[in-house]
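So the structure is just underneath, and the comments pick up after that.
Starting from 1, each residue takes its place in the sequence as its number. Every number for a ligand or one of its atoms is a count from 1 in the order of the listing.
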Amino acid sequence: MKPSIVSYKKLPEDLQDKLEQRFSVTAFDSITNENRADFIKALAKAEGIIGANETIDRKLLEQAPVLRAVSTISAGFDNFDVDALTERKIPLMHTPGALTETVADTIMALVLTTGRRILNVAERVKAGEWKGSVGENWFGTDIHHKTMGIIGMGRIGTALAQRAHFGFGMKIVYNTRNRNPEAENRFDAIHMELDKLLSVADYVCLILPLNPQTRHLINAERFALMKPSAFFINAGRGPVVDEAALIEALQQGTIAGAGLDVFEKEPLPKDSPLLSMPNVVAIPHIGSATFEARYAMAASAVDNLIAAMTDSIEGNCVNPQVIR
Ligand SMILES: NC(=O)C1=CN([C@@H]2O[C@H](COP(=O)(O)OP(=O)(O)OC[C@H]3O[C@@H](n4cnc5c(N)ncnc54)[C@H](OP(=O)(O)O)[C@@H]3O)[C@@H](O)[C@H]2O)C=CC1
Ligand SMILES: O=CC(=O)O
């Protein structure tokens with residue numbers, strides 16, 4: 001008999017077929033209030049699960065007594081109780097390699113759009129405000145040869161540094177807990193304490209995971225360290241930033257603008273002050289949202305699940321200590 005698995009995000013047809021050849025699959029396009037009870041019921045006999053965007057906590061995992069593999073279609077895994085999985089020796093698989101370059105493109109787009117005010121001036125053109133040669137109130141800020149501060153020089157941070165350094169001649173400074181010799185060799189990147197980085201960078205780009213150490217890492221005191229001419233970009237996770245402090249920093253002119261792919265609450269509430277600020281570019285968590293990257297992520301997650309279910313994991317495991 002084929003092992004039972006539950007998929008809780010719609011997969012491309014060929015990948016769904018690949019799973020069905022090996023497993024008995026209970027598939028949900030997504031989890032909604034209407035089908036949540038069915039999802040939980042299906043967990044009772046699930047040996048594997050694959051999906052995205054759901055909080056998989058200890059309580060939910062208790063509904064899955066025979067679970068032995070979990071595969072998320074994402075790089076981030078802050079929505080999982082990793083300790084609860086590790087205690088039960090269940091590997092958690094993720095898809096970092098499939099989206100790195102695409103997310104770096106997105107961050108570079110946020111840098112360009114905020115610095116050059118692309119969205120704001122395009123909206124003004126549409127509103128019929130372009131009536132002659134443009135004056136200073138249409139001007140933006142240079143990107144090339146400025147200083148980019150990267151908080152989180154991991155896979156995505158490195159791909160971003162490559163674009164900024166070689167494409168735009170930017171000076172790269174970065175913060176991580178451990179130094180990154182590859183970044184230092186390839187991009188002449190300079191490792192800095194976080195507070196120092198915030199005080200020197202023209203574009204502060206945050207691409208950190210969310211965990212207890214990073215939650216609200218960037219707060220009012222830290223925004224106060226930034227230059228009033230500097231821009232803040234976040235594509236890591238919303239709660240790494242104290243969003244109320246960010247809003248205040250933007251309202252007070254403590255910083256020049258922000259480009260945001262992630263928020264403390266997603267979708268961003270309609271009444272968020274961020275939505276009415278001309279110097280803010282807010283996009284709907286689309287870091288990896290291209291046809292190519294989303295397919296590659298789904299394909300990687302399917303392969304990851306098969307590897308975990310067949311005791312043949314070679315990489316992409318968040319808690320490798322559980323591998324037999
Ligand atoms: N917006 C989007 O669509 C996407 C967002 N993401 C987010 O981006 C995150 C990063 O992805 P990726 O680059 O692949 O991950 P990596 O694990 O490759 O990189 C994470 C980096 O963060 C650093 N880091 C971790 N904790 C701290 C800390 N407390 N202080 C300073 N630096 C720290 C790590 O270095 P060190 O350990 O030395 O500190 C490492 O350089 C994901 O976890 C996810 O949350 C990912 C994909 C898409
Ligand atoms: O935010 C997206 C991810 O893959 O992580």
Side-chain angles (χ1 to χ4, degrees), residues 9 50-56 71-80 82 92-111 149-163 172-184 187 189 191-198 204-219 222 233-241 258-264 266-268 281-290 292-301 304 315-320:
K9 186 178 168 84
I50 178 168
N53 305 333
E54 274 302 304
T55 299
I56 310 286
S71 180
T72 179
I73 312 171
S74 62
F77 48 85
D78 46 278
N79 50 328
F80 288 87
V82 181
L92 170 59
M93 311 296 289
H94 69 149
T95 66
L99 49 61
T100 299
E101 300 292 332
T102 301
V103 182
D105 287 349
T106 307
I107 301 174
M108 207 61 224
L110 282 173
V111 168
I150 300 180
I151 309 175
M153 184 67 90
R155 284 170 285 240
I156 298 169
T158 304
L160 173 65
Q162 167 153 336
R163 285 154 176 74
I172 309 292
V173 301
Y174 77 100
N175 173 259
T176 46
R177 291 162 304 177
N178 308 291
R179 284 177 66 163
N180 182 327
E182 186 204 343
E184 296 182 16
F187 321 121
H191 185 265
M192 279 184 185
E193 291 305 317
L194 180 57
D195 290 356
K196 173 81 176 156
L197 176 152
L198 291 166
V204 171
C205 297
L206 189 150
I207 184 69
L208 283 180
L210 173 64
N211 56 43
Q213 290 75 49
T214 62
R215 185 175 292 274
H216 279 200
L217 183 73
I218 308 298
N219 54 21
R222 291 211 152 107
I233 312 292
N234 185 10
R237 283 289 182 267
V240 176
V241 176
L260 308 167
D261 185 39
V262 290
F263 304 88
E264 282 203 315
E266 296 178 7
L268 184 59
V281 176
I283 56 175
H285 201 145
I286 54 156
S288 65
T290 64
E292 297 91 339
R294 286 291 167 88
Y295 181 87
M297 290 164 70
S300 168
N304 287 340
N316 287 345
C317 185
V318 170
N319 52 351

So, for Leu198 and Ile151, which heavy atoms are closest and what is the spacing to 0.1 Å? CD2-CD1, 4.3 Å

Close side-chain approach of His191 and Tyr174, heavy atoms under 4.5 Å: yes

Interatomic spacing from CG in Leu210 to CZ in Phe77 - rounded to 0.5 Å: 10.0 Å

Using side-chain heavy atoms (C-beta onward) and a distance below 4.5 Å, is Ile233 in contact with Ile207? no

Out of curiosity, Met297 CE to Thr72 OG1, how far, rounded to the nearest 0.5 Å? 8.0 Å

Under the salt bridge (charged side-chain N to carboxylate O under 4.0 Å, His left out) rule, what pairs show up with a residue in residues 94-111, not counting sequence neighbours? Glu101-Arg163, Asp105-Arg163

Restricting to side chain to side chain contact (heavy atoms under 4.5 Å, CB included), what partner residues turn up for Val262, sequence neighbours left out? Asn234, Glu266, His285

Find all protein N or O atoms under 3.5 angstrom from an N or O atom of ligand 2 and list the pairs with distances, or write 'none'.
unit_1, atom_1, unit_2, atom_2, d
ligand 2, 1 (O), Arg237, NH1, 2.8
ligand 2, 1 (O), Arg237, NH2, 3.3
ligand 2, 1 (O), His285, NE2, 2.6
ligand 2, 4 (O), Ala75, N, 2.7
ligand 2, 5 (O), Ala75, N, 3.4
ligand 2, 5 (O), Gly76, N, 2.7
ligand 2, 5 (O), Arg237, NH2, 2.7

Please check: side-chain N/O of Ser71 versus main-chain N/O of Ala301, any donor-acceptor pairing under 3.5 Å? yes

Who's touching ligand 1 if we go heavy atoms under 4.0 Å? Ala75, Gly76, Leu99, Val103, Gly152, Met153, Gly154, Arg155, Ile156, Asn175, Thr176, Arg177, Asn178, Ile207, Leu208, Pro209, Thr214, Ala235, Gly236, Arg237, Asp261, Val262, His285, Gly287, Ser288

Check for a donor-acceptor pair, side chain of Asn316 on one end and backbone N or O of Met93 on the other, with a separation under 3.5 Å. no

